[in-house]
Colleague: 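The following block contains the structure, expressed as structure tokens.
We name chains A, B, ... by the order of the sequence lines, and we start the count at 1 in each one. Below, each value reflects all heavy atoms present in this structure, side chains not excepted, and no hydrogens, waters or symmetry copies.
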There are 2 protein chains.
Amino acid sequence: MPRRNGGPRRPSVTDVAKEAGVSVGTVSNVLNRPDSVSPATRARVEEAIEELRFVRNASARQLRSGEITTVGAVVLDIANPFFTEMARGIEDRLAQDDHTLMLCSSDEDPEREARFLRLFEERGVRGVIATPSHGSLNGLLALRERGTDVVLLDHTSPVPDIGSVAVDDVGGASLAMNHLLDLGHTTFVFLNGPLTLRQCVDRRDGVIATLTSRGFDPAEALVEVNLDALNADAADAAVHRWLAETTERPTAMFCANDFTALGALRALRDCGVSIPGDMAVVGYDDVIFASMLTTPLTSVRQPMHTLGWTAADMLLRESEPGRSRQVEFEPELVVRASSGSAI
Amino acid sequence: MPRRNGGPRRPSVTDVAKEAGVSVGTVSNVLNRPDSVSPATRARVEEAIEELRFVRNASARQLRSGEITTVGAVVLDIANPFFTEMARGIEDRLAQDDHTLMLCSSDEDPEREARFLRLFEERGVRGVIATPSHGSLNGLLALRERGTDVVLLDHTSPVPDIGSVAVDDVGGASLAMNHLLDLGHTTFVFLNGPLTLRQCVDRRDGVIATLTSRGFDPAEALVEVNLDALNADAADAAVHRWLAETTERPTAMFCANDFTALGALRALRDCGVSIPGDMAVVGYDDVIFASMLTTPLTSVRQPMHTLGWTAADMLLRESEPGRSRQVEFEPELVVRASSGSAI
DNA sequence: GTGAAAGCGCTAACAC
DNA sequence: GTGTTAGCGCTTTCAC
């Protein structure tokens, strides 16, 4: 950084000191403890700073004083609103303490994630917030081992000295199912994603548990349709196939996320199944367009902004002792037209 | 950064040198020019690095060598897929040269933007890519003046020594209108946002110009409905109002973006106007859910990933002389069911 | 209230 | 091929 890109050297504290006719110590004092400098000298120094367009060098500053105001975050997919909402939460909390966020997207690629973590560590960030990709937990643990604070997002921590902020997916699925049960439905389809995803496993557990606790036998009352991927096209195709070979159609459907619900809605309408008349539909995530569909979608909302905010808060208070380190939030059901009224 | 967060000091090159029984110069050579070190010593040093879990200090490195591999980007809204797609494009190009992205969201707040720019400058980033918010161009120009390379995104540069990557919004609107004209429509609604936004002005210019060039009098063939904000609810309300007071309804509608198109679709269906039978609808941006609606939406797609990629490419090649510095891309029309077939 | 000087961790120039 | 050393720009004692 000693030279401007293709231009002359950037002015340093020494240049400012020379210009103002003071020592570098005094310049540093003006920068960091202005009250300890006489108004007259301070004015001269500030003038020189202005004159030379001096901008502090953060590298030198951090090297000398150890001051760290950057936090690194790695999320699974920066193009997914679920993660960007959380990022906003992180950013908002960090801004309160004049910290800033360095945001990266791992794309669920453990190698990419490792690369970013190494980068953060070299930069000496204040800490790292990460939504771990499959099997990448070890790298995070090692990072913590080496002295960098770590907070897990959307994933419960397996060890006590790493904090985590997650959402109760079992509870979220219960919310959805209880809602449909309360409306009077007795037969259900559960459109779920691959069981290699923790979220899908947890939500399935919630579905089964709720049915059982309400006196239903899942083997009787529940049809499970499984998808390879949590996207609309996969759901559309699967629902088409399923409708074609089904004789006794349930009256309610719970989808593992809103994208699959979208595909399901399309397929159902294609086949003349009216929503919510013939079939009540509930999604998960409450993404931005859930409320904007022709038939607005009932969905389980996760407190995304709060999740990010809390993770950042936890990181900044890392040094405080005796705090709860594994936080779990409860999701919330947003009822809209797609689940209709009691039948 | 000298200490781990709450722990012991991080090992430095000196520690590694001691452990391996060599000098710091040799350690540095292993790190930066491994070929210049004998295999035996290199092995010893690498062992020591492993043993001590040594991680380079990026601040010291940058301070000394001036090496810079970070690029800063400020976008208007990190929660908007349009910007995150561009960010992915930036990231992908940077990765090719082993650079990394520091991404911030200005929320269209010039003060927030200024804060981030200052931060980037203090960090001595390789350069800055920014989607300028209203009236924030001066800060960017000053930054460039002080020696930091700048590339503008989604905004044409007003000065020759700042590069820019933008999309032709006039042309995009023409694509949409020509499509509707080609289908045989002769009367149109244009659902536009506030004319304080450059995009809205440009798209309006494109609409007017296209109608005129195809022999229509905009005053006759075009109804303009203006919104305060480019979101679905504003569009829904405005379209309801408009439908209530209109007697001669046009057969085609062009919306300034997909969110407004979504609101319009909802209002139209509410009022019994069928899509595309009674009204053909075209949106703008081709956001992810445009293809997933009950009636998939015809939309004007911007090459978002390419925009980001190109901006990053421009920044990395900043030093190369004689290159085109103001790039403008052409959008592309994605035809789907909402605009139907010829009438 | 101000100045002189040490040193953060690293790289690169120069000895050997 | 390896060691020694200066110094990047800054903050921070410690004198005065």
Colleague: Return the CG to CG distance between A:Asp92 and A:Leu101, rounded to the nearest 0.5 Å.
Modeller: 10.5 Å

Colleague: Measure the distance from CG on B:Leu31 to C1' on D:dT2 and round it to the nearest whole Å.
Modeller: 16 Å

Colleague: Excluding sequence neighbours, so at least two apart, what forms salt bridge (Lys or Arg N to Asp or Glu O under 4.0 Å) with A:Asp154?
Modeller: A:Arg198

Colleague: In whole angstrom, what separates A:Gln62's CD from D:dT12's P?
Modeller: 13 Å

Colleague: Taking 4.0 Å as the cut-off, does a side-chain nitrogen or oxygen of A:Ser12 come that near to OP1 or OP2 on D:dG9?
Modeller: no

Colleague: Want to settle it: does A:Gly21 or B:Arg61 sit nearer the 5' end of DNA chain C, counting the closest nucleotide to each?
Modeller: A:Gly21

Colleague: Give the nucleotide from the list C:dG3, D:dG1, C:dC10 with an atom nearest to the side chain of B:Thr41.
Modeller: D:dG1

Colleague: Rounded to the nearest angstrom, tell me the gap between atom CG in B:Leu52 and atom P in C:dG9.
Modeller: 14 Å

Colleague: So, taking the atom named OG in A:Ser105 and the one named CD in B:Glu91, what distance separates them when rounded to the nearest 0.5 Å?
Modeller: 6.0 Å

Colleague: Look only at the side chain of A:Glu19 and the backbone of A:Glu51, and say whether a donor-acceptor pair between them is shorter than 3.5 Å.
Modeller: no

Colleague: Counting any heavy atom closer than 4.0 Å, what does A:Val22 reach on the DNA or RNA strands: base, sugar-phosphate only, or nothing?
Modeller: sugar-phosphate

Colleague: Can you check whether B:Thr14 has a side-chain N or O nearer than 4.0 Å to OP1 or OP2 of C:dC10?
Modeller: no

Colleague: I need the CZ-C1' distance between B:Phe54 and C:dT11, as an integer number of Å.
Modeller: 12 Å

Colleague: What's the CZ-C1' distance between A:Arg42 and C:dT2, to the nearest Å?
Modeller: 14 Å

Colleague: Would you give the length of the straight line joining atom CG of A:Leu316 to atom CZ of A:Arg126, rounded to the nearest 0.5 angstrom?
Modeller: 5.5 Å

Colleague: Can you give me the closest heavy-atom contact between B:Ala166 and B:His155, atom names plus distance?
Modeller: CB-N, 3.8 Å

Colleague: Check B:Ile49 against B:Val16 and note the closest heavy-atom contact, atom names and distance.
Modeller: CG1-CG1, 3.8 Å

Colleague: Just report the end-to-end axis angle for the helix from C:dG1-D:dC16 to C:dC16-D:dG1, five pairs per end, to 10 degrees.
Modeller: 40°

Colleague: What's the shortest heavy-atom distance between B:Val55 and A:Glu122, and which atoms?
Modeller: CG1-CG, 3.6 Å

Colleague: For the residue pair B:Phe120 and B:Cys104, what are the closest heavy atoms and their distance?
Modeller: CZ-SG, 3.8 Å

Colleague: How many whole angstroms separate atom CG of A:Asn57 from atom P of C:dC10?
Modeller: 16 Å

Colleague: Can you check whether A:Ser36 has a side-chain N or O nearer than 4.0 Å to OP1 or OP2 of C:dT2?
Modeller: no

Colleague: Give the rounded distance in Å between these two atoms: CG of B:Leu63 and P of C:dG7.
Modeller: 17 Å

Colleague: Polar-atom pairs under 3.5 Å, protein N or O versus N or O of nucleotides 12-16 of chain C: list them with distances, or write none.
Modeller:
| unit_1 | atom_1 | unit_2 | atom_2 | d |
| --- | --- | --- | --- | --- |
| C:dA12 | OP2 | B:Arg33 | NH1 | 3.1 |

Colleague: Roughly, in whole Å, what's the span from CZ in B:Arg44 to P in D:dG1?
Modeller: 14 Å

